[in-house]
Each structure stands twice: as structure tokens, then as C-alpha cells.
Amino acid sequence: MTQLPPQHNVPEKPSLANLEDKWGKKWVTEKTFAFDKSAPREAVYAIDTPPPTVSGALHVGHVFSYTHTDLIARFQRMSGKSVFYPIGWDDNGLPTERRVQNYFGVRCDPSLAYQANYQPEKSDSETQVAISRKNFVELCEYLTTEDEKAFEELFQTLGLSIDWDYTYQTIDEKARVVSQRAFLRNLERQEAYQAEAPTLWDVTFKTAVAQAELEDRERPGAYHRIRFKKPDNSFVEIETTRPELLPACVALVAHPDDERYKPLFGTTVKTPLFEVEVPVVAHSLADPEKGSGIAMICTFGDLTDVTWWREFNLPTRPIIGWDGRITKECPSWIESASGISLWPEIAGKTAHSAKELIANLLKDSGDLIGEIRPITHPVKFFEKGDKPLEIVTTRQWYIKNGGRDQALRKDLLGRGTELNWHPDYMKVRYQNWVEGLNGDWLISRQRFFGVPLPLWYRLDANGNPDYSQVITPNEADLPIDPQSDVPSGFIEEQRNQPNGFIGDPDVMDTWATSSLSPQIAARWELDKELFEKVFPMNLRPQSHEIIRTWLFSSVVRANSEHNSLPWTDVAISGWILDPDRKKMSKSKGNVITPMNLLQEYGSDAVRYWAAMGRPGTDTAFDTGQMKIGRRLAIKILNASKFGLTLGANSNFENITNPLDKSMLAQLTQVVENATKAFSTYDYTKALESVETFFWNFTDDYLELIKERIYGAQGEAEAESAKAALGLALSILQRLFAPFLPFVTEEVWSWWQTGSIHKKPWPKAEELHAYAENPELLADVSAVLTEVRKAKTVAQLSMRADVSQLVVICNDVFANHLKSAQKDLFAAGRVQNLEITLGDELSIKVSLV
RNA sequence: GGGCCUAUAGCUCAGUUGGUUAGAGCACUGCCCUUACAAGGCAGGUGUCGGGGGUUCGAGUCCCUCUGGGCCCACCA
């Protein structure tokens, strides 16, 4: 074994084993990635990391996109920026509630009293145990804390260079203060308002949902053709998929130009069964091609009903309650004896069973014409719900988002243009969404685990709430829970009493909190110094499907509160696809757990795969790429060991050999390319550039200098190679550091002090004095490849001798060969070289 | 119905403002124990660049059109 220089500490048998544990722990305990608050504003790079939803397991997609952000963070840090890279846990909202329900088999019943020291029992039975709101929230907090520990461990194993001292939870006290404060400011500026209005309603969760949370699902349905009686006792026939809404019918509508129905406009007809008189109206949204060309308007079957109801100022006749069932009491507008007598049959039924029942009743009465025709059609669902949405009229809180205000919309579209998008074409999705908004942002939710709306209302002399008299807290008292805190000027005994007050029972939409993630992480109004350093932030990384929610709502909040964007740049990451090109499903994601992946291939290898996924591009899940990444990491270990063992050093003034200078000239180009790519967020291009050089470096350059470095050409020539090797290794290890943080930290520790991740990103200037003529190495490599090929074709060992090498080339090429001739002879076992000048390059290898 | 992305080797993908004979990795095959690395190295074949039309001296690249795939939105009687 060659003697090692004393300062080097290269292991006998380098290995990737346990590097995650060794370095990951050290980075955390030594606070390697701590944000330096003392850095000047322009030297700060702040990242608005997506807070992952803590509602179960992380999947491969998280590993993918969080790695992308980490690559940028590490590049910026090495480039001299003080990087503010916090993380939050999104433990606020429905997913947590639902997970607690399933995990512990409980459900929240706010009417129950709190049980101290309640211990949930896991039961297999279908029935859920009812517990108080406070007990429920405690279970939410317990479970999220457990999940957050697992998340933290995974992210540390993955090597995310997060500053863990700035971790927040979207339900923690600081986040509640920020979101309540922001809401109160919205309210002061009249950007928040309450309204009694038809609202999309999930009957399972019993909560309102926002436009952004809708999704369509294909569901079976059926056309029912139903006749309404005209004043002259003849009939008009409509078609509907929702016959159960017949008692909620408030009008019929047809297109104004529809000759078939023109005579009916302005007249009234009677609903079958219930015999309620309703007008026939004309509206351009009615489609003559659909059904019979005339439709019934109900309160409310769909969003078009809401439009018609509003424009014609029609009465509100809701029959579906908040539980999704038909109301128990017969509604007042049903006055006919037949209607009143059949009501008890449908009262309390779900929409689904009422549909069947009414269809049968219509059949019996002869009002159902022809057969029921089954179809499949898209139905609106809450994206987290299992049952179709209903539309019910409720009082809710809204924040203006440009959906009803052209001036605001124009401002927000302007913000979208001002933002730097990576990739750029993603901005179109933002524009389409903003241009298509048709209402303000509904933020109140009838849930338990979330940030409460910080509001109380006055109760009148009869004990009824007067919603026009909103009582707000002082900002200094935040956060508050209006269910347990008392507004100033009142005492607890006045709660729910006539002339007293009532707390708003609702919580805010999860996006109402998430939209403030930059302000929460930057500790807005809590740490002025920090906030001024990091806000507006530099980067928001996120995926494309939440441009309309998270990105847009964040822009809305920052625009109104700070009159600025929340960040200058947004980087959109793609999705992980199955090998069959479909979006990777949750179930499959759970089979391949991220931790297993990291353990099997190594974190650096998994990061390599992620880094090969370009910004914004969907990428196939591919363990093959991880194997390549692992091979690269091992190669870095071995090449570093080799170089250091041979005596790589920093005596750069010894670099005189033309081949060494040529290699460094190539490396200069790599540094320039990688830096340029990284600064435009194209980490993939940066990695490719470095990797390509590195393999050529090991395959050709290291082979060429082997004998020289052992002293075959004398001391000076050996020293030139050792110094060039030292410089190249230092540069290469740093270039790889953002991608493969563990293996680079390991090899760096063999011969340098301090963490490589805090060392400067390589600059071309480091190399300029020693770099010259990149073509020389390329030409020598080309000849070496021909020599190897000849040996391969002859099925000989690479150690076989070459008796004669005949090269026809131009004089530049010839000079290149001559200046590296000794190295070429040694690496190729060449005994003799004959050069003839000519235009056509030709290389002829004669073996012994 | 509107918008965006995408189509290149068996697979995964590069291909810059149009410019020699379109590249890489994987996979596959063969060879080599070469004193960093056999979990290695070296070498090798592979293409109607989705179809059609146009602009140009020249098109994988620009324009038009058709087709396939993906995503977002709208429609929901």
C-alpha cells in the first residue's frame, strides 16, 4: 500500500454504508444549515418550503420534489447566500381530522363534555366513539406530533439542508396568530365579508367547500321525463336527473328563442305531485338541445340554478338539510292536500333514496313519461369527499379574490406576470384560473380542528345572533378561540345569553392559513428583523395542481397585506409517474415507502434520480436511475481515494504539464456551464454537465497520468499531476455536493476541514491560471479510445502492447499528441508513434 | 368546447438563436482480474426525429394541419 501523506485520512475500504446516519446527524447537531440572520438583505435567499400534509405517510413524490428544492438551496448556500430554508407541517384541517377518526375510531361531537385523561381504545367495530371537541383536538395534536417525527427523520435521511430551528406547524400558536391577524386586517380593509348565500356543501363532512376544492367525477345518473300541468290542463315535459328536487322547483326555464316554449313565457305551470305553481321564464343559458329543451330550476340542483335563481330573483325553497337529507317538516310552500299527505314518505330520506321514491310516485300518478334512461355524467364532489355536493344556503365568510371585482382581478393578473415562473409556461395556468373565477374565496369551514375565525357576535334580547354586530379581538390578544375566550367588555356568563354574545363556531379553510406560509415562516409582526430580511422570499417551490389554490391564495394575501408578491420566483415540480405513464397512485406510493428506498439505494442515489427530473416535467419512477446514482457515488469514493492516495495536493504552482492544463481547461467549461444552468433553476443540466466530465476524467485522464504520477517522467512532471489532481478533486467534489451531499461530505472530510456544504461553489477564476487548451485532452482521448478498440477487437487485455501507432492528422492535433506522448504511450502501452500530416484524421493501431 | 404541455433508439430522455454524418444513459452483446473501483473497466449495433404540407441554400428545431398521450378549466336540466 502506498504511503499516505499524513494529513490525509482515507479509509482502506471506502463505503456508502451509514453515511446518511453519520453526516445527517452531524449536520443537525452542528446546525450546519443555520440561517445567518446577520447577513445583509441582498445576500439572503429565502425559500417558502411547502408544508407537507401530516395525514399519514410521505410518498415518493415528496422525495422527488423536496430534493429539487434542496438542490437549489445548496447551490445558493455555496454561492455565498445566507439561505433561509425552514419547513412547516400542515397539520391543520380535514385530512388530520379524518385520519384521527380512522386511526382511533372516534368522531367529534361538540355537545359532549371534555373527559380528562381520555385514552382512545382501538376498536375494529364500524361504530365510532363520540368524544368532545377538546378531546378530539388533543388526539389530533397527539397524532400529528407522532407523524411529524417520522417526517423529520425521513427528511434528514434524505439530506434536506433545512434549518430545523425555524420549523412551524400550521396549527401552532404562531401560525394561528398570523392567520387570525391577517384575517382581521382583511376585515378592516373590507376585503373579508360575510354573506348568506347558496354554498357548495359536503354532506359527509357537513362543511362548506370552496370553488378551488371541487372536482368532477363520473357517476351514473338517469334522465327522468316529467310532465308539468299548464293552466289549460295540457302538459309540458321537462327532463331531469334529480327528480327528488321536484318539491324544490321554483321555475321552468327555456331559451328565449325557442319557438316551442315561447307561448309559455310569463305563464305558470304546476308541479306534479306537489301542485306548486311556478313561473316559466326565458334565459339564454337554457340549451334547446338538452333534454326536452326546457328545464326545471330548483334551489339548488347545480350552479346554473344559482345563476337563474339570482337573476330572476326567485324564491328559495330548500328541501335538503345540512345532513344531506330531505327536511322533516313539510315545507310551507307545499299547500296541496296531496303534497302534504305524501311528505311524510320522503321526509328524512337521503337524496339518493328520495330520488327512487319520487320516481315511483310519479310513475303511479302518470306524470313520469316513458322509461327512465340511465346515463353517466360528471358530478361535482369535494375533492376529499365521498358523496356528491349539495348546494345549501348558509351564512359564510369570504375573502375578495377578484372573482367579483375587475380591478382586483387585474391587479392579481399583474402579479402573475411579475412573478418569475420556472418553467415559464406554467404562468398560463395561473392566468386561466384567475380569469375564470366566478366568485370570491369562501374561507369559513364548519369543522373542529383548524384556526378559529377570531370573531364573536352580539345576541339580541331574544338570544338570537345579530351577525351585523361583529365583535373582534385586539391583535395583541391573538390567538384567540371564541368558544373559550371572552370578548372585551363581556364576561363568560354572558355567553349564549340574551343581550350577550356568541363565539363564531367555524374555523378557517386550510388554505386561509397555508396562503400565509411565507408570513408564518418569516414570523410576520412577531420578529421584525427576521421578516425584513426574508420577505418577500425568493422561491416558492410547489407542484402544478395547486397553482389555483396555494399559489393563487398566497398571492392574494400578500397583495392585499403587503402590496407585493410573496416571493420573486416559483419553481413548479412535476409528478412521479408509474412506468405505465399514469400518475403514481397513493396505494402504489405506499408500497414503495421512501424510507425503504433510501435504505436500499442510498440517499445520494435517490437524490440523483430526482435531480434527473427536470423542473416542471413529470418523471417516471425508475429504480434504474437510482442504481446509476449509486454507481456514481461509489465512483466518487474510489476516484477520490485514488487521487488522494497518489498524493493529490494544493501546490497549484506546480501545474505545468500541458495535459494537466488541458483537463483543467475542460473543467473550467464545466464550472461555467453548471453555474449558468443552476442559476436558471436547471439543476438537471448542471448535473449532466458535471457527470459527463467526471466519467471522462476517470476513464481517460486518470488512466493517462497513472504512470507519470508515480514518477516515471521525473519529479516535476509528477508534481504537476498531483497538483492538477488536487485542484480537480476539490472542484469536482464541490460541483457534486448539492446533488450527492453525503458522499461528497465523506470524501471532503478525508482531506479538508469543515463541511463541504459551506464551501464556495467553484468559480472559473479558481482555474484560469492553470487552464489551457481543452482540445488537447480531447484529441489524446480520441487516440486512446482507438487503441483500446483495437485491443478489444483483437480480444486482448488492455495491457497488451501496441508496437506501432500511425496517425494522420493536422498539425494542431499532431502537436497535441506530441506534448502528451509519454502519457499516451504509458496508458496505451504504445511503443512507437508515427505522425503524418494530412486533412483526414486516421488512426491505425498495430498490435504486437 | 377553451387553454397548456408532449410525441426523437427496445426503455428513460438530451438536442441552445435553424447549420457537417441526430446524441447520452439504461438494456443487450462481446472482451478484459488493468496495483481506485468486478457493486468494476473497455468496446460494439440500434433511428421513415408521430403523419402530411409549407418557409428556407439548409428543418428534429420555425409556420400550418391532422393524429396519439397527459394535465387544467368550462359544460352538468
Note: A/Arg614-A/Glu688 ion pair, threshold 4.0 Å (strictly below): yes
Rounding to a whole Å, what distance do you find between A/Glu545:CD and B/G70:P? 17 Å
What interatomic distance, in whole Å, is found between C1' of B/G47 and the corresponding atom of B/G10? 12 Å
Position toward the 5' end of RNA chain B (nearest nucleotide), A/Val793 or A/Tyr425: A/Tyr425
Side-chain N,O (A/Thr617) to OP1/OP2 (B/U6) below 4.0 Å: no
From CG of A/Asp302 across to P of B/C75 the rounded distance in Å is 9 Å
Given the P atoms of B/C4 and B/A24, what is the spacing between them in whole Å? 35 Å
Quick check for you: among B/C13, B/A43, B/C76, whose closest atom lies nearest to any side-chain atom of A/Arg614? B/C13
Residues A/Gln733 and A/Trp751: side-chain donor-acceptor under 3.5 angstrom: yes
d(CG, A/Asn673; P, B/A14) in whole Å: 18 Å
Please measure how far the P atom in B/U34 lies from the corresponding atom in B/C42, and state the result in whole Å. 15 Å
Would you call A/His544 and A/Ile547 a side-chain contact if the rule is heavy atoms closer than 4.5 Å? yes
Paired to B/G58 by Watson-Crick or G-U wobble criteria (both distances under 3.5 Å) is none
NE2/A/His377: more than 12 non-hydrogen atoms of other groups inside 6.0 Å: yes
Set out, line by line, the N/O atom pairs under 3.5 Å between protein and nucleotides 19-28 of chain B.
| unit_1 | atom_1 | unit_2 | atom_2 | d |
| --- | --- | --- | --- | --- |
| B/C26 | OP1 | A/Arg631 | NH2 | 3.1 |

Can you find a heavy atom in the side chain of A/Phe274 that is under 4.5 Å from one in the side chain of A/Cys249? no
When the ring centroid of A/Phe678 is compared with that of A/Phe739, is the distance short of 6.0 Å? yes
To the nearest angstrom, how far is A/Glu215 atom CD from B/C75 atom P? 16 Å
How would you label the contact of A/Trp695 with the nucleic acid (heavy atoms, under 4.0 Å): base, sugar-phosphate, or nothing? sugar-phosphate
When you match A/Lys789 and A/Lys290 each to their closest nucleotide on RNA chain B, which lands nearer the 5' end? A/Lys789
When the distance from CG of A/Leu16 to C1' of B/A39 is rounded to whole Å, what number comes out? 10 Å
Would you classify A/Asp622 as touching base, sugar-phosphate or nothing, given that sugar-phosphate means primed atoms plus P, OP1 and OP2, and contacts are heavy atoms under 4.0 Å? nothing
Using the C1' atom as the point on both nucleotides, what is the distance between B/U8 and B/U46, in whole Å? 13 Å
Do A/Trp575 and A/Phe64 have ring centroids that are under 6.0 Å from one another? no
Looking just at side-chain N and O atoms, do A/Tyr701 and A/Gln666 make a donor-acceptor pair shorter than 3.5 Å? no
Side chain of A/Asp367, backbone of A/Ile226: donor and acceptor closer than 3.5 Å? no
Base contacts versus sugar-phosphate-only contacts with protein, heavy atoms under 4.0 Å: please encode nucleotides 30-37 of chain B as B, S and - from 5' to 3'. BSS-B-BB
Could you tell me how far apart A/Arg788 (CZ) and B/G41 (C1') are, to the nearest whole angstrom? 9 Å
B/G1 -> Watson-Crick or G-U wobble partner, both distances under 3.5 Å, gives B/C73
Heavy-atom nearest pair, A/Lys641 first then A/Glu12, reads NZ-O, 3.1 Å
Who pairs with B/U20 - Watson-Crick or G-U, where each distance is under 3.5 Å: none
Roughly, in whole Å, what's the span from CD in A/Glu289 to P in B/G1? 14 Å
In whole angstroms, the gap separating P of B/C4 from OH of A/Tyr430 amounts to 18 Å
For B/A7, the Watson-Crick or wobble partner whose two distances fall under 3.5 Å: B/U67
Greater than 12 external heavy atoms within 6.0 Å of A/Lys427's NZ: yes
Which part of the nucleic acid, if any, lies within contact of A/Ala286, taking any heavy atom under 4.0 Å across all strands shown: a base, the sugar-phosphate backbone alone, or nothing? base
